[in-house]
> 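Before I ask anything, let me first share the structure, which is written out below as structure tokens.
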Amino acid sequence: MSKKRWIILGIVTGVVGAFYEFVSRKTIKSLSEFLLFDVDILGHRVRHNDLILVGTILLIISFVSFYKVYRLITNNSAQISK
Amino acid sequence: MRDFFHRFLFAIAVTAVMNALDMIYHLATGWAVHLNYVAIKITVIFLSVWMITQFIGIGKQEGVVASIFSPFMFYIYYVFAGATLNRDVFKIDEQFWFFFLHAVLMGIAYFSAWNFLYSGNKRIKNVCFVITAGFMSIAFHALFLMVRWRIAGLDEETAASVFTLSALLIPMIAYFVGIITGILSETFFRRKIFGVGVTSLLPAGIIFIGTNELVASFFALLFVLLSCYIVYTFKKGLVVVHNE
């Protein structure tokens with residue numbers, strides 16, 4: 001994947017992940033009904049902690065994306081200096 | 001996406017060893033350990049380690065980053081998630097200082113697996129193999145105990161109060177005695193079959209004598225074989241990739 005796509009992935013997952021992770025349950029619920037609150041998925045009731053876990057996973061993806069971008073930049077500059 | 005399977009196994013090994021070390025510390029110092037807590041920790045740490053391993057690579061810098069980042073994400077989860085255990089009865093590792101402990105344990109787990117892959121010193125390789133395979137077997141055994149209690153119908157607070165260090169003491173001794181004796185017998189007899197036989201059968205025998213449970217000893221046999229398979233498989237795949 002190109003550097004640009006890693007950046008886009010990092011920003012999107014970072015924004016969505018931070019929203020579920022850091023914004024309070026009350027605010028998320030009042031913002032929209034489609035944000036998976038009090039919904040049954042395959043017989044499992046989606047709880048607040050499940051959304052926090054999803055947010056954490058998205059933040060992990062975001063961090064790894066930016067780390068990848070950093071590595072791509074440092075590898076490129078190392079090759080140029082050679 | 002080259003070499004997905006071996007990197008996946010490497011991440012499983014690091015996650016399992018970190019969790020085993022963490023569980024032993026918590027049980028030894030009177031902090032609660034229960035299935036939901038371990039499941040979340042395994043998920044967060046496994047995903048962090050696997051994604052770094054898969055998309056960035058395996059190395060010293062990646063090890064340091066994974067050791068700091070994984071416990072930090074777990075801490076973030078704990079800060080924002082709601083409590084499921086009664087905190088007046090059970091002590092959980094949600095204070096900030098546990099982040100440093102988790103980072104150290106994560107570093108031990110990562111660099112044991114890393115040294116087993118790339119160290120040129122045979123003794124260091126053997127020590128790292130004992131740490132990785134031994135603690136991985138203990139992690140599987142602890143999960144087996146917790147799942148068995150859950151299937152038996154124990155709620156998470158009862159299971160947390162039942163799970164003490166004494167429940168893991170005999171398996172811990174059995175796995176380390178088995179794996180160390182296995183390495184010594186393989187070195188002495190110069191045949192791999194002796195090593196595999198002793199490593200797998202000795203822990204099962206010790207657990208059967210210590211606990212008088214045939215099911216637990218059968219699972220011990222499976223766990224130690226699975227751990228050795230994981231360790232040798234990721235080594236086989238990743239060392240070849242490293243040398244390319």
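These numbers come from a predicted model, not from an experiment. Residue numbers begin at 1 in each chain, while the letters A, B, ... track the order of the sequences.
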> Return the option, out of B:Ile52, B:Ile76, B:Thr43, with the maximum number of heavy-atom pairs under 4.5 Å with chain A.
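Sorted descending by pairs with chain A, the first entry is B:Ile76.
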
> For the CZ atom on B:Phe72, are there more than 12 heavy atoms of other groups (residues, nucleotides or ligands in this structure) within a distance under 6.0 Å?
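Atom CZ in B:Phe72 is not crowded, with 12 or fewer foreign heavy atoms closer than 6.0 Å.
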
> Within a 6.0 Å radius of atom CZ on A:Arg5, are there more than 12 heavy atoms belonging to other residues, nucleotides or ligands?
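No - once you tally the heavy atoms of other residues, nucleotides and ligands closer than 6.0 Å, there are 12 at most.
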
> Mind checking whether A:Tyr70 and B:Ile56 have side chains closer than 4.5 Å, heavy atoms only?
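No; the side chains remain at least 4.5 Å from each other.
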
> Taking C-beta and beyond as the side chain, do A:Trp6 and B:Phe55 meet within less than 4.5 Å on heavy atoms?
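Yes, their side chains come closer than 4.5 Å.
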
> Please work out whether the ring planes of B:Phe80 and A:Phe22 are parallel, tilted or perpendicular, with thresholds of 30° and 60°.
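Aromatic pair B:Phe80/A:Phe22 classed perpendicular.
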
> A:Arg71 versus B:Glu62: any side-chain heavy-atom pair under 4.5 Å?
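Result yes, sub-4.5 Å side-chain heavy-atom pair found.
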
> Which atoms form the tightest heavy-atom contact between A:Ile60 and B:Val44, and what is the distance?
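In this case the closest contact between A:Ile60 and B:Val44 is CD1-O, 3.7 Å.
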
> Determine, step by step, whether A:Tyr67 and B:Met51 satisfy the side-chain contact (heavy atoms from CB on, under 4.5 Å) criterion, reporting the C-alpha distance in whole Å, the side-chain angles of both residues, the deciding distance to 0.1 Å, and the verdict.
CA-CA 11 Å; A:Tyr67 186 27; B:Met51 289 190 80; over 6 Å; no

> Kindly compute the distance separating CD1 (A:Ile57) from CG (B:Leu47), expressed to the nearest 0.5 Å.
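If I round to the nearest 0.5 Å, the distance is 5.5 Å.
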
